[in-house]
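Contents: one structure, followed by commentary.
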Number of protein chains: 2
Amino acid sequence: MTDEQRRPVKTATTSFAILERLKERGPLGPTKLASELGLAKSTVHRHLKTLEQEGFAVPDEGGYRVGLRLLDFGIYARNQHQFYEVAKPKVDELAEETGEKVWCVTEEQGRGFHLYGAAGKHSVRTPAREGTCSYLHQLAAGKAILSAFPDERVEAIVDQHGLPAKTSHTITDTDELFEELQTIRDRGFALNREEIVPKLHAVGVVVTDQDGYPVGAISISGPSNRLKGERLTVDLANLLLGAANEVEINLNFS
Amino acid sequence: MTDEQRRPVKTATTSFAILERLKERGPLGPTKLASELGLAKSTVHRHLKTLEQEGFAVPDEGGYRVGLRLLDFGIYARNQHQFYEVAKPKVDELAEETGEKVWCVTEEQGRGFHLYGAAGKHSVRTPAREGTCSYLHQLAAGKAILSAFPDERVEAIVDQHGLPAKTSHTITDTDELFEELQTIRDRGFALNREEIVPKLHAVGVVVTDQDGYPVGAISISGPSNRLKGERLTVDLANLLLGAANEVEINLNFS
DNA sequence: ACATGCGTTCGAAGGGTTCGAACACATTTA
DNA sequence: TAAATGTGTTCGAACCCTTCGAACGCATGT
């Protein structure tokens, strides 16, 4: 939003837009894609053939779908993060221990990516899945990460992505966000009370490196009537603080 | 190999080639990428900026690396396969039960993709990871899948991808492959004896739909001195046959 | 048999990509 | 200290490649 990219490679962007559409809409053919993207049928056709040749799209009943070649890239990208391998066992442990849904999230380009999630016995279904990219201010883990950034970095992220709302509880005001971040810094953990999904609460704690720079965060989420009061702000929060601490130590020696 | 693609979108191909290089070589900058790919520095620079804007590449120490946006796409692609969700719990169960490494693999465009793997207590480290794309004839699971294809489909795949060797035990001859596939059909399971990694053995069983078309395969792999004799060809094979059978039934009712 | 929808092919026209040279900048070398 | 080498970056021109729309085959359904 600040600096418009000077000359992006338009053709590549088109290919990516097609992939994105295939992801959002499921199997589609050239005709529908063309009309939805405002392109010529033949253009989309050619892109699809190229994507197919590369393994990024595959023919499926009544159109094309996203290919597994992207899983190869995606898993590789995840494995690049040492935070993932260190946090993963802790996430599994926390899910087992609490029975809720536990996530580790990392920041990239000002967005929060769900690296890995484990479902406890009583965990509920949420819109997030592995790989999901969310706004940081809409996540407990995301706000925990933001709280460890310098103010100017937070401002840059808000400038770039804005503060869109998911529910009426979502923080949409910059001043309010900074107040919240200060609260998080003071008490050590972030809370999410129906800020992304109604009736869904969460706690999140940031994991930082030696310099205090955030490498990610761990969160526990569940139904609001179970994640409330002292269980939320004392029991689960302390559990997370301990886990995050362990992960930080393990990160320093790997 | 049979029909050369007529007019692939060259520009998009270039972007993908850059991503592929970043995956193979780790963090690289425009200069090195340009020389390795035979492109102008400025061209690569522009592509990288575009990839960065899209979230497919991110600046990292001394260059760019593959971005987590690809994880978003990749996990989505995996979730599209109902075989994944049905087979996953069985894979976990088998890993627990056998202590070895268990995989579920599916075919796409004539290649085998490792959808999901679970490590048992005694499992060894192998070159495969989730998302890995392999030649079907080099995998126990891959050969099991091939055995369920009609001959002409197998021939088309061999034509397209060839039969490259990984070890001296890899099947590199078409006739030999067809003999092996017949053996697999007769006894119900596929074996891999150091055909992809020295000292590594595996058993694989195909999972088909109602029409007998292969939707994937499950395999167990481990060190050759542990996966041999009756344990390999009777105990583990029967375990897999039972698991595959269960998965097939569950697939029919989902 | 006709109509409508789809995927596919083709050639022309125009725009976008590519290239190399030149720039700024940091780090290393003399 | 200054030259030298290596980066990443910007710019404009030339050409190639993408884009478009129309037309074609081919299915399905009317």
- Examine distances only and state if a side-chain atom of His137(B) and a backbone atom of Pro164(B) form a donor-acceptor pair shorter than 3.5 Å.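 Flag set: sc His137(B) to bb Pro164(B) pair under 3.5 Å.
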So, is [X] near the phosphate of [N], with a side-chain N or O under 4.0 Å from OP1 or OP2?
| X | N | result |
| --- | --- | --- |
| His45(B) | dT9(D) | yes |
| Thr14(A) | dT19(D) | yes |
| Arg46(B) | dT17(C) | yes |
| Lys41(A) | dA22(D) | no |

- Step through it carefully: locate the ring centre of Phe149(B), locate the ring centre of Tyr213(B), and say whether they are under 6.0 Å apart.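 Centroid distance Phe149(B)-Tyr213(B): below 6.0 Å, so yes.
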- Task: Could you say whether Pro30(A) or Leu39(B) is positioned toward the 5' end of DNA chain C, judged by the nucleotide with the nearest heavy atom to each?
- Result: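 Looking at the nearest nucleotide for each, Pro30(A) comes out on the 5' side.
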- Task: Between Ala12(A) and Ser42(A), name the one whose nearest nucleotide on DNA chain C is closer to the 5' end.
- Result: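 Nearest nucleotide further toward 5': that of Ser42(A).
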Could you state the [atom1]-[atom2] distance from [X] to [N], rounded to the nearest angstrom?
| X | N | atom1 | atom2 | answer |
| --- | --- | --- | --- | --- |
| Asp60(B) | dT7(D) | CG | P | 17 Å |
| Ile18(B) | dT17(C) | CD1 | C1' | 12 Å |
| Lys32(B) | dT5(D) | NZ | C1' | 14 Å |
| Leu37(B) | dT18(C) | CG | C1' | 14 Å |
| Leu33(A) | dC20(D) | CG | P | 14 Å |
| Lys10(B) | dC16(D) | NZ | C1' | 8 Å |
| His47(A) | dT8(C) | NE2 | C1' | 16 Å |
| Lys49(A) | dT9(C) | NZ | C1' | 12 Å |

- Task: Compute whether any side-chain donor of one residue and acceptor of the other, for Asn250(A) and Glu246(A), lie under 3.5 angstrom apart.
- Result: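 No donor-acceptor contact under 3.5 Å links the two side chains.
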- Query: What is the nucleic acid contact for Thr11(B), judged by heavy atoms within less than 4.0 Å: base, sugar-phosphate only, or nothing?
  - Reply: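 Sugar-phosphate, backbone atoms only, no base.
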- Message: A cation-pi test, strictly: NZ or CZ of Arg111(B) under 6.0 Å from the centre of the six-membered ring of Tyr135(B) and no more than 45 degrees from its axis. Yes or no?
- Response: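 That pair qualifies as a cation-pi contact.
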- Carboxylate-amine/guanidinium contact Lys143(A) Glu180(A), below 4.0 Å: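 So Lys143(A) pairs with Glu180(A) through a salt bridge.
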